[in-house]
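Proteins get letters first, then strands, A, B, ... in listed order; numbering begins at 1 in each.
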Amino acid sequence: MQWLGLDWDEGPDIGGPYGPYRQSERFDLYREWAHKLVEEGFAYEDHSTSEDVERERELARSEGRRPDHRAVAERAARDGQPSIRFIVPPDRTMTFHDEVLGDISTDLGRTPDFVILRADGTPTYMLAVTVDDVAMEISHIVRGNDLMASTPRQLLLREAMGVKDVPVFAHLPLIVDDKGKPLSKRWGDVSVAAYRDQGFLPEAMLNYLALLGWSLDDHTNIFSMDEAIAAFDLARVNKNPAAFDVTKLEWINGHYIRAKTPEELAHDLVPFCVAEGLAADTDEGRATLATVAPLLTERMKRLTEAPPMIRFLFERPAPDDKALKALENQAEYLGAVATALETIEKWTTAEIEAALRALAEERDLKPKKAFQPVRAAVTGTLVSPPLFESLEILGRDETLERLRSAI
RNA sequence: GGCCCGGUAGUCUAGUUGGCCAAGGACGCCGCCCUCUCAAGGCGGAGAUCACGGGUUCGAAUCCCGUCCGGGCUACCA
């Protein structure tokens with residue numbers, strides 16, 4: 001979250017007026033509430049074993065009724081620590097308003113009594129979250145749609161706790177994979193850090209994520225966090241799940257990469273180059289990065305694409321297969337190229353280009369025919385940043401040496 | 001099984017009060033242009049019976065009913 005530039009006003013790390021913020025430090029509070037609810041008749045102690053509960057559930061399903069956990073509890077043996085189960089009144093319909101889904105009604109006649117405190121004294125999600133929401137005076141509950149079905153039970157708990165006011169609820173659509181299965185932090189490849197390591201920019205990530213389930217208007221794709229905040233409205237959030245599409249994320253990422261200054265890009269690239277073994281974290285390396293950055297900016301969708309493109313600036317490349325092929329029978333020509341470059345007055349892109357084009361003209365070579373062998377000799381590949389600029393950055397001596405060693 | 005929610009092109013979406021939608025934008029895809037490669041950029045194109053079937057209406061993606069499909073909940077998971 002910090003990488004994304006998202007921050008929070010209260011929390012275990014920075015404190016705040018409603019602490020403690022770690023559930024394990026609030027266990028006493030949960031236990032107090034659970035016992036209070038028992039005393040007031042909203043819940044009961046349950047000594048049933050999990051087998052008892054399981055059996056009742058099966059039976060209830062086969063009979064088409066809701067499980068009667070209370071009846072089972074009354075028959076259960078009395079030894080051991082009990083769990084505490086909350087009583088769900090069967091003859092009610094719970095209705096609440098959701099900012100994104102609208103009005104939702106649930107017939108509680110189908111909702112079984114549920115455990116709020118486990119036999120080991122720890123609270124279930126249902127109790128903990130409700131106690132916390134009340135104690136911390138939470139005004140807006142915005143969460144994933146997967147938690148929507150738990151809302152009526154939480155509302156019931158609030159009532160039993162004697163809380164009159166109801167927070168604003170908003171259930172956001174889930175993000176799903178390309179097969180439509182919900183992404184989950186429990187099964188997933190999905191931690192933001194993974195995207196950072198894959199070469200995505202935080203601003204691109206934020207922009208893309210905002211587009212999942214929401215849109216600024218009918219045509220804007222690129223916007224800053226500030227613009228999103230200014231325009232955001234829960235009522236315009238979509239109800240249906242959205243598939244995570246890395247390809248579109250890449251397009252957005254490319255956009256933000258292009259928007260960077262060479263200095264910024266060079267800075268961002270350092271760790272990725274170092275990870276690939278390039279000596280980028282030195283004064284010389286950083287200077288090299290700063291000079292190539294302008295050539296890279298419009299050729300990248302992810303920062304991880306940079307190292308392979310600029311490796312030739314840091315070390316002598318071993319030509320790949322295609323480069324090797326392009327170098328066949330080019331010895332004489334490459335020699336002429338070297339000679340032409342040798343006599344250039346100033347080693348600049350413009351002069352390098354002029355010299356190479358003149359040579360191509362003289363030999364009646366199409367540009368592609370003329371330049372690809374040079375590219376292969378110098379960069380070891382057929383795909384690289386623009387050639388003349390690359391040669392300028394590489395320097396005359398190194399360029400000439402590579403040309404000659406390719407002969 | 002029961003309860004709840006959802007369903008516009010491969011994908012993200014516009015569409016909230018029915019007519020301006022024989023459905024708009026974007027990613028991706030295809031083609032052309034530019035061009036030293038790859039990109040970026042420009043231009044153009046294909047791609048949606050608005051899940052399906054009924055109904056209401058002069059008129060429905062938008063309202064109603066049913067069906068199908070997907071997901072969530074139905075846990076002493078969260």
Peer 1: Would you classify A/Pro386 as touching base, sugar-phosphate or nothing, given that sugar-phosphate means primed atoms plus P, OP1 and OP2, and contacts are heavy atoms under 4.0 Å?
Peer 2: base
Peer 1: Can you tell me which residue among A/Leu391, A/Thr339, A/Val378 is in a side chain to side chain contact (heavy atoms under 4.5 Å, CB included) with A/Leu403?
Peer 2: A/Val378
Peer 1: Would you say B/C76 has OP1 or OP2 under 4.0 Å from some side-chain N or O of A/Thr124?
Peer 2: no
Peer 1: Indicate, with a heavy-atom threshold strictly under 4.0 Å, whether A/Gly213 touches base, sugar-phosphate, or nothing.
Peer 2: sugar-phosphate
Peer 1: Counting only Watson-Crick or G-U wobble pairs whose two distances fall under 3.5 Å, which nucleotide matches B/A40?
Peer 2: none
Peer 1: Measure from the side chain of A/Arg118, starting at C-beta and using heavy atoms only, and say which of B/A78, B/G6, B/U37 lies closest.
Peer 2: B/A78
Peer 1: Identify the nucleotide, in any strand shown, that forms a Watson-Crick or G-U wobble pair with B/C69, with both distances under 3.5 Å; if there is none, say none.
Peer 2: B/G6
Peer 1: State whether the side chain of A/Asp177 and the backbone N or O of A/Leu183 hold a donor-acceptor pair below 3.5 Å, judged by distance alone.
Peer 2: no
Peer 1: What's the closest nucleotide to the A/Leu211 side chain, out of B/C12, B/C38, B/U37?
Peer 2: B/C12
Peer 1: Please give me every residue in residues 104-112 of chain A whose heavy atoms get under 4.0 Å of an atom in RNA chain B, ordered by residue number.
Peer 2: A/Ile104, A/Ser105, A/Thr106, A/Arg110, A/Pro112
Peer 1: Between B/G24, B/A39, B/C38, spot the one nearest the side chain of A/Asp218, thanks.
Peer 2: B/G24
Peer 1: Identify which nucleotide among B/C12, B/G7, B/U37 has an atom closest to any side-chain atom of A/Asn240, counting heavy atoms from C-beta outward.
Peer 2: B/G7
Peer 1: Using a cut-off of less than 4.0 Å, is there contact between a side-chain N or O of A/Arg61 and OP1 or OP2 of B/G2?
Peer 2: no
Peer 1: Using a 4.0 Å heavy-atom cut-off, does A/Arg153 contact any base of the nucleic acid, only the sugar-phosphate backbone, or nothing at all?
Peer 2: sugar-phosphate
Peer 1: Compare the minimum distances between each of B/C36, B/U8, B/A26 and the side chain of A/Trp251, then state the nucleotide with the smallest one.
Peer 2: B/A26
Peer 1: Which nucleotide in the list B/G72, B/C27, B/C76 gets nearest to the side chain of A/Asp146?
Peer 2: B/G72
Peer 1: Within the 4.0 Å heavy-atom criterion, would you say A/Leu382 contacts the bases, only the backbone, or no part of the nucleic acid?
Peer 2: base
Peer 1: Hey, can you tell me if A/Phe42 and A/Phe86 have their rings parallel, tilted or perpendicular (30° and 60° cut-offs)?
Peer 2: parallel
Peer 1: In Watson-Crick or G-U wobble terms, both distances under 3.5 Å, what is the partner of B/U56?
Peer 2: none
Peer 1: May I ask you to verify if any side-chain N or O of A/Arg236 is less than 4.0 angstrom from the OP1 or OP2 atom of B/U13?
Peer 2: no
Peer 1: Quick one: look up who B/C29 pairs with, Watson-Crick or G-U, both distances under 3.5 Å, and put none if it's unpaired.
Peer 2: B/G45
Peer 1: Strictly by Watson-Crick or wobble contacts shorter than 3.5 Å, is anything paired with B/A23, and which nucleotide is it?
Peer 2: none
Peer 1: Donor-acceptor pair, A/Asp113 side chain versus A/Val88 backbone, under 3.5 Å?
Peer 2: yes
Peer 1: Considering only B/G6, B/C36, B/A78, which nucleotide approaches the side chain of A/Phe371 most closely?
Peer 2: B/C36
Peer 1: What's A/Phe388 touching, base or sugar-phosphate or nothing? Going by heavy atoms closer than 4.0 Å.
Peer 2: base
Peer 1: NZ of A/Lys239 versus P of B/C4: gap in Å, rounded?
Peer 2: 17 Å
Peer 1: Nearest to the side chain of A/Ala149, which nucleotide is it out of B/G72, B/C27, B/A14?
Peer 2: B/G72
